[in-house]
Structure formats: C-alpha cells, structure tokens
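This report concerns only the one structure given below.
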Amino acid sequence: MKNTAAHTYRAVYWLTSRLQDGLEEARRRPDRGDISTTTVIIWVAAVTGAVLIAGSIAVVISKYNGKLSGL
C-alpha cells in the first residue's frame with residue numbers, strides 16, 4: 001500500500017507542476033496557440049479538395065469496375 005500511495009503522490013505532484021508550468025507560460029505569452037483565420041480556411045480548402053478528388057476517383061472506379069476487372 002505504501003508503494004501505491006507514493007506512486008500516486010508522485011503522479012499528482014508531476015501533473016500539478018506541469019499544469020502550473022503551463023499556466024505560467026500562458027501568462028507570459030498570451031498569444032501562444034492562436035490560429036489565424038487564413039490558416040483555418042487553407043486547411044478546410046485542402047481537406048475539401050482531397051475529399052473531392054477521392055470521391056471522383058471512387059466514382060470513376062465504380063463506373064468502370066466491370067471493364068477494369070479483365071486487365
């Protein structure tokens with residue numbers, strides 16, 4: 001039981017110190033972690049384009065599936 005209590009204490013202490021360090025860093029640099037609107041627009045456009053391309057390929061493959069099976 002002592003060993004479990006010691007491990008638990010160390011884990012709680014480690015998590016608490018990490019949280020305090022993170023909060024201190026956030027107070028020192030409040031702009032850290034902000035994502036610009038442009039970045040979000042670029043990511044949405046890239047993901048949309050990838051989905052459209054994959055969908056187009058799937059449609060073409062399903063349309064010509066019978067003809068491609070003999071290759």
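These numbers come from a predicted model, not from an experiment. Residues take their numbers from the sequence shown, with the count starting at 1.
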Discussion item. According to a hydrophobic-cluster definition based on side-chain heavy atoms being under 4.5 Å apart (Ile, Leu, Val, Met, Phe, Trp, Tyr only), do L52 and I61 belong together?
Written reply: no
Discussion item. As an exercise, state the distance from OG1 of T8 to CG of N3, rounded to the nearest 0.5 Å.
Written reply: 9.5 Å
Practice prompt. Look up atom OG in S36 and atom CD1 in I42, then write down how far apart they are to the nearest 0.5 Å.
Written response: 7.5 Å
Worksheet, complete the sentence: side-chain hydrogen bond (donor to acceptor under 3.5 Å, both in side chains) filter on T16, not counting sequence neighbours, yields none
Worksheet item: Looking at residues at least two apart in the chain, or sitting in another chain, which of them share a side chain to side chain contact (heavy atoms under 4.5 Å, CB included) with R10?
Response: A6, H7
Worksheet entry | Distance (rounded to the nearest 0.5 Å) between L19 CG and L15 CG | 8.5 Å
Fill in: salt bridge (Lys or Arg N to Asp or Glu O under 4.0 Å) partners of R28, counting only residues at least two apart
E25
